[in-house]
*Asks:* 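Input: one structure, supplied below.
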Amino acid sequence: MARTEEYQLNVGPVHPSTHGVLRFVLTMDGETIKDTEMVLGQLHRGIEKIAESRSYLQFIPYTDRLDYISGMTNNYGFTKAVEDLAGITVPKKAEYLRVFVMELNRIVNHLVCIGSLLLDLGAATMIIYGFRERHKVLDLFESLCGARMTFNYIRPGGVRGDIPEGFIDNAKEFLRDMPKRIGDYAQLINDNEIVHMRMKGVGMLSPEDAINYGVTGPMLRGSGVSYDIRKDDPYSVYEELDFKACTRPECDTYARYIVRMDEMYESLYIAEQALKRRWHPTLQG
Amino acid sequence: MLTFVGVAFVFIALFLSRVVRPSAPSDVKSEIYECGEVTIGDTKFYHNLQYYMYAIAFLIFDVEMAFMYPWAVHFRNLGFIAFVEMFIFVGILVIGLIYLVKKEALKWTQ
Amino acid sequence: MIFENIYEIIAFILNSAGILQYMQSYSDALGISIAPKLIIILIETALLLVGVALMVMALTWMERKVLAHAQARLGPMITWYHGLLQPVIDGVKLLSKEDLMPKRADRWIYFIAPMIAFVPALLVFIPIPFGRDGAIISDLPMGILYVMAVSAISPIGILIGGWASDNKYSLLGALRAVAQDISYEIPMVLTVIGIVLITGSLSLQDIVLFQDKIWFVFLQPLGFIIFLVAAVAEMARIPFDLHESESEFVAGFFTEYSGMKFAFFFLAEYAHLFSIAAIMTTLYFGGWHGPMIPMIPPIITSIGWFTLKVLVIIFFTMWLRATVPRVRVDQILDIGWKVMIPLALFNVFITGLLVAGGVL
Amino acid sequence: MDSVDKDKVTVIDATKIDTSKYKREVKREDDAASQLKSTGLLNTLVYAKDRAEKRDQNVILALVDQVVNWGRLCSIWPVTSGLACCAIEMMSMSMGHYDIARFGSEVFRATPRQSDLLFVAGTVSKRMAPRLKRLYEQMPEPKWVIAVGSCAISGGPFVDSYAVLTGVDKIIPVDIYVPGCPPRPEAWLYSMIQLRKLIKEEGVGITWGLDK
């Protein structure tokens, strides 16, 4: 009888499908993965240690570089903590502007996520379309704060500055065009039989597991747990805005993808409301 | 003849390449590439039998197809009886295929 | 004038130019009367080699352009008109690139593998009729069987290339690629039986001549669909490209290959693409048949039609690459064995029934 | 400033300038010769002649040298390796807006064996440094390195971190530096143009293998 052997296979740190520098050591028997050891730390930059020797304001730029796709949201997380510590109240106008940029950033994040997902499945086109829209959002952000990716825009007590001239028009144009674009992506991906074959029933994460592991965001909502921190434990001005938490019960990769697609629509809706309310005379702080 | 020309073409190109290319071998360079890591264990390892099952099944069907070609060429001369005979033969093979599928021999991972 | 094959055409041209007689008299005087024949054969193989090489270069350019335009990009632009010289440049670069061999690689096998992958991709073109009036290297009576047999050699090149590289990715990638190749070989060859049943001949020239009224696409719709899927798999295009599954095994079986050897795998891949598209054109789209344009020699028009059809098929596969993701390995093999083979057998059954019943 | 007469200064509203007037006319290259010139082939030949004269070389050899250089400069295949933030901008550089494919460089090869260019895109942590060095060393000659972003150049904002290598040029030789955090894709493209210039003017040429 022929004998089979288990063997170790490195995947990463420089591998087309490990985005970022992640390394797996797979123990495999033939084609079956028996065990996975994850080796982390290739991108350990000692940010916590740096934070010890920086003032609060000095540290905000570092938060941009934590999750470098959604810099605005990271800015907000840090700023919120500082504001709560120092007891600063933020004007409503600034809060709406923050919500606006954060939701646009969420769209960017989801676009990159879906694009990379499809790229890993072997379809290179989606990421290019996704980056086209990402570029539009980044143009908006650039007119706000002068940077494409590392914004440093949300500061304790508000934002860096008011919106520039012409920003509203550009933003409205984007909000008007984007639903059609998302529809295009849905057409490209959702009706594709191979996408269903690759994504349905893959990466099952049961609701219990998801809660036990402390999973959040679209992953949790893709597992059928309707928990959205913007809704259930609202911060900023989210409780004044009308939106719904998108949930799917299937628990697989496809469900998470659909949640992301739906959330893009919701984000657009929120951003639209935030933009409108910002100009409401009674709300201007 | 084309074989010779083809092989000659490959040789000429490789020779040309040998003439013009730089060469700077080093120890690390001639190690194998595994995502920038040192490879763990031996690279020649004993495998799961699964790969060979496909090869065997392929062999059976390949031979069958070789039988079917002469049959197909002379089909019009042979008439209906040849059709029945061939499909008795193919039927046996199909039963074999069903058996393989049932036994999960044609399953990529076990 | 009616010619049998390219050999006769070249002989005719040389003859009317008066070169052949000289050659004959010289070789007779030297006692090597076979020499003129050999020279003509050399010319025709060189023609074929150059033709295929040009086509392959055009295909790499086309691939990059089609993909780029599907993705709202421009593609290569700076090398001459819309980057037309790009394939040449890539060739020059790969030629002058260092050639590496892993320390523990199997030297000879590592060296031979690209050759084994590349040469059969050329040999396939021998019995394919490119145009009417003898634009064919040699009309083999066993044409289609020969084509299938020769194109089945290149998986061996892939397998030994992957094995000799002494790399885990290469080995696994090669095994997957070969498993896919042999799995789709069967439905592909089985569907061709349907055509052979109708024509009663294995010669590709006969098959093309049979299609002057109606193409086999319409006579064998199910067979065509099976052949198309199997062909895409054999070409290793994207829904079934286990050969170079970047997000899984870095670069598949040629992870370790660099420089010119990699270039040969690359060329073989595109030559294979061309050859299978050519076979598909011959079998299902009436080969060189098409409306003939007056004033232009029919041989040129027919070659034009043939090339056009081939390019349309290749464009289709590139379009596929721009739209669909990759199928997972076990799904590919499942489709191959559990769907395609029974369907192909069913196709043979139906065709046989119709032919025996005298319908076709 | 006080001495300037305020009445005489006409204030121009920059937004109201009709820029369409100043639009540069795009010169189209009509004849084949000038099109060929734009590919760099003719320049290549001129360079070859210069080189041969300068170094007292055979013109043919210099010509082959230059043609090879020309091949190299028009088909630079980068290796797929992103380290941190800058990798995202590397992706956007290869996407529709900026499209590195125009220079024939969209073929991102996953294996270093088939690539010519290494983008060090992002922070090189001390843990990643040996792996990056290994990756570089496994690329076949000729090869180039572009260090992108302040992290790869000097450590950038993480310069006083204990875990970050201050500058990738401490472990591998770098040809081009692109500052920025992260640099805009335009800056990347400019770096590609600079690299092409570098290859064209200096190049690697041919090491005649028969002498070895």
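Both backbone and side-chain heavy atoms feed into the values below; hydrogens, waters and symmetry mates do not. So you know, we letter chains A, B, ... as the sequences are listed, proteins then strands, and number each from 1.
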*Asks:* Any non-hydrogen side-chain atom of C:Leu84 less than 4.5 Å from a side-chain atom of C:Lys65?
*Replies:*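 Counting from C-beta outward, C:Leu84 and C:Lys65 never come under 4.5 Å.
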*Asks:* Might you work through the side-chain hydrogen bond (donor to acceptor under 3.5 Å, both in side chains) test for C:Glu63 and C:Tyr270, ending with a clear yes or no?
*Replies:* CA-CA 10 Å; C:Glu63 161 110 62; C:Tyr270 281 93; 2.8 Å; yes
*Asks:* Which bit of C:Leu320 is near chain A, if near means a heavy-atom gap under 4.5 Å: side chain, backbone, both or neither?
*Replies:*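 Answer is neither: C:Leu320 stays 4.5 Å or more from chain A.
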*Asks:* Counting heavy-atom pairs under 4.5 Å with chain A, which one of C:Gln331, C:Arg321, C:Arg73 comes out on top?
*Replies:*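 Highest number of heavy-atom pairs under 4.5 Å: C:Gln331.
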*Asks:* If we define contacts as heavy-atom pairs under 4.5 Å, which of A:Thr125, A:Ile127, A:Leu9 has the most with chain C?
*Replies:*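 It is A:Thr125.
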*Asks:* So among A:Arg256, A:Met261, A:Glu263, which one has a side-chain contact (heavy atoms from CB on, under 4.5 Å) with A:Val259?
*Replies:*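 Of all the options given, the one that passes is A:Glu263.
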*Asks:* So which part of C:Ala322 gets closer than 4.5 Å to some heavy atom of chain A, the side chain, the backbone, both or neither?
*Replies:*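 The answer is both parts of C:Ala322.
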*Asks:* Check for me whether A:Arg260 meets the cation-pi criterion with A:Tyr257, that is, NZ or CZ under 6.0 Å from the six-membered ring centre and within 45 degrees of the ring axis.
*Replies:*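 Output no; distance or angle outside limits.
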